[in-house]
Participant: 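The structure under discussion is supplied below as structure tokens; questions concerning it will follow.
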Number of protein chains: 2
Amino acid sequence: MSEKSLNFFGDAENCPVRNVMDRFGDKWSTLVLLLLEDQGVMRFNELHKTIKSVSQKMLSVTLKSLEADGLILRKQYPEIPPRVEYRLSERGQSLIPHIQSLVAWANQHMPEIKKSRASYSS
Amino acid sequence: MSEKSLNFFGDAENCPVRNVMDRFGDKWSTLVLLLLEDQGVMRFNELHKTIKSVSQKMLSVTLKSLEADGLILRKQYPEIPPRVEYRLSERGQSLIPHIQSLVAWANQHMPEIKKSRASYSS
DNA sequence: CAGGATCCAAAAAGATACTG
DNA sequence: CAGTATCTTTTTGGATCCTG
């Protein structure tokens with residue numbers, strides 16, 4: 001793996017690590033995915049109220065890009081006032097365990113990391 | 001898990017998901033970690049040459065924050081010209097599998113994601 | 001060689017007002 | 001209700017020059 005994988009670090013476009021972080025390194029995507037995993041189906045304003053600190057605009061942008069990538073499904077009902085429901089797609093479901101394992105690692109190590117960071121000087 | 005985890009989504013500081021993404025959502029951290037995992041020990045300029053697109057400043061910033069968090073170890077030799085070696089700490093090692101599983105997922109699904117994204121309109 | 005300091009450009013995010 | 005449009009602020013990253 002060593003020989004071949006190294007090529008990836010150099011070029012920007014085909015680097016799989018970069019592909020991951022470009023997609024999920026933003027501020028809200030993983031949060032929305034985990035929330036939908038937890039709640040099943042949610043409407044726009046439900047998401048907005050649950051993630052209190054997200055702006056309307058960023059939530060909208062996040063949902064659109066997740067939908068564009070086929071990670072969530074958007075269902076709109078032809079009613080007035082309008083109703084829109086979001087939920088994970090199968091593809092989105094398949095991603096969840098990997099995010100959760102990363103979050104679990106963080107929960108476990110964050111106290112030590114914060115201690116390291118606090119005592120770090122220079 | 002549902003009841004309790006939901007509290008996290010609201011507040012910013014104590015959200016474990018946010019903690020993860022704040023730490024690893026940047027442009028270079030995961031790349032450096034995986035590269036050190038692959039190569040073992042590397043000097044500053046080695047890293048710089050391997051990750052061609054990173055600037056000197058961002059590499060420096062990235063290495064410092066990874067060191068501050070105790071994810072990598074920095075060893076400086078009292079020579080002239082100076083020599084500095086970087087390698088993963090145990091804590092950093094323990095993180096690698098989780099990043100790799102995410103990258104593996106991405107490698108597997110990125111073609112489909114790109115197709116979805118390309119055919120997405122509105 | 002391994003960076004630090006400074007300045008600048010670009011991107012991401014937020015506030016606010018408005019609409020079908 | 002579920003967004004869009006516009007503007008401003010903040011954050012991030014990069015270029016360049018400098019130093020022990």
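So you know, we letter chains A, B, ... as the sequences are listed, proteins then strands, and number each from 1.
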Participant: With no hydrogens and no angle check, do the side chains of B:Q76 and B:R74 hold a donor and an acceptor under 3.5 Å apart?
Facilitator: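 A donor-acceptor contact under 3.5 Å links the two side chains.
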Participant: Is the phosphate of D:dT4, meaning OP1 or OP2, less than 4.0 Å from a side-chain N or O of A:S60?
Facilitator: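 Answer is yes, contact under 4.0 Å.
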Participant: In whole angstrom, what separates B:Q76's CD from C:dG3's P?
Facilitator: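 To the nearest whole Å, that distance equals 7 Å.
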Participant: B:M58 or B:P82: which one's nearest nucleotide on DNA chain D is closer to the 5' end?
Facilitator: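 Nearest-nucleotide comparison on DNA chain D picks B:M58.
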Participant: Taking OH from A:Y77 and C1' from D:dG3, how many angstroms apart are they, rounded to a whole number?
Facilitator: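 To the nearest whole Å, that distance equals 18 Å.
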Participant: Looking at C:dG4, D:dG14, C:dC1, which one has an atom nearest to any side-chain atom of B:Q56?
Facilitator: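 In terms of side-chain proximity for B:Q56, the closest of C:dG4, D:dG14, C:dC1 is C:dG4.
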Participant: Rounded off to whole Å, could you give me the CE-to-P distance for the A:M42 and D:dC1 pair?
Facilitator: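 A:M42 atom CE is separated from D:dC1 atom P by 14 Å.
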Participant: What I want to find out is whether B:R87 reaches B:E85 closely enough, with some N-O distance under 4.0 Å, to be called a salt bridge.
Facilitator: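 Not counted as a salt bridge, because no side-chain N and carboxylate O are separated by less than 4.0 Å.
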Participant: Just the rounded figure in Å: distance from P of D:dC1 to CG of A:L59.
Facilitator: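 Answer to the nearest Å: 14 Å.
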Participant: Please give, in whole Å, the distance from D:dT12 C1' to A:K27 NZ?
Facilitator: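 Value for this atom pair: 13 Å.
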Participant: Report yes if a side-chain nitrogen or oxygen of B:Y86 is closer than 4.0 Å to either non-bridging phosphate oxygen (OP1 or OP2) of C:dG3; otherwise report no.
Facilitator: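 Checking B:Y86 against C:dG3: at least one side-chain N or O falls below 4.0 Å of OP1 or OP2.
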Participant: Any idea which of C:dC7, C:dA2, C:dG20 is nearest the B:F44 side chain?
Facilitator: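 Of all the options, the side chain of B:F44 is nearest to C:dA2.
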Participant: State whether the side chain of A:D69 and the backbone N or O of A:L71 hold a donor-acceptor pair below 3.5 Å, judged by distance alone.
Facilitator: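 Not confirmed, A:D69 side chain does not pair with A:L71 backbone.
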Participant: Between C:dG4, C:dC1, D:dG13, which nucleotide has the shortest distance from any of its atoms to the side chain of B:K64?
Facilitator: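 For B:K64, the side-chain atoms sit closest to C:dG4.
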Participant: Of all the nucleotides listed (C:dA2, D:dA2, D:dG13), which has the minimum atom distance to the side chain of B:R74?
Facilitator: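 Nearest to the side chain of B:R74 among the choices is C:dA2.
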Participant: Of all the choices, D:dG3, C:dG3, D:dC7, which nucleotide is nearest to the side chain of A:K57 once you look at every atom?
Facilitator: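 When the side chain of A:K57 is considered, D:dC7 is the closest of D:dG3, C:dG3, D:dC7.
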Participant: Check this one for me: any side-chain N or O of A:R43 less than 4.0 Å away from OP1 or OP2 of D:dA2?
Facilitator: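 Checking D:dA2 against A:R43, a side-chain N or O does come within under 4.0 Å of OP1 or OP2.
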Participant: Just how far, in rounded Å, is C1' of D:dG20 from CZ of B:R83?
Facilitator: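 Value for this atom pair: 18 Å.
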Participant: From CD of B:E46 over to P of C:dA2, roughly how many Å is that when rounded to an integer?
Facilitator: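 Distance, rounded to whole Å: 8 Å.
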Participant: Ignoring the backbone of B:W28, work out which of D:dT6, D:dA2, D:dG14 is nearest its side chain.
Facilitator: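 Closest nucleotide among those given: D:dG14.
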Participant: Would B:L73 and B:Y86 show up in the same hydrophobic cluster when neighbours are defined by side-chain heavy atoms closer than 4.5 Å?
Facilitator: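 No, because B:L73 and B:Y86 fall into different hydrophobic clusters, even though each may have its own neighbours under 4.5 Å.
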Participant: Roughly how many Å is it from CD in B:E67 to C1' in C:dA2, rounded to a whole number?
Facilitator: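 B:E67 atom CD is separated from C:dA2 atom C1' by 13 Å.
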Participant: Report yes or no: do A:R18 and B:T30 form a side-chain donor-acceptor pair below 3.5 Å?
Facilitator: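 No donor-acceptor contact under 3.5 Å links the two side chains.
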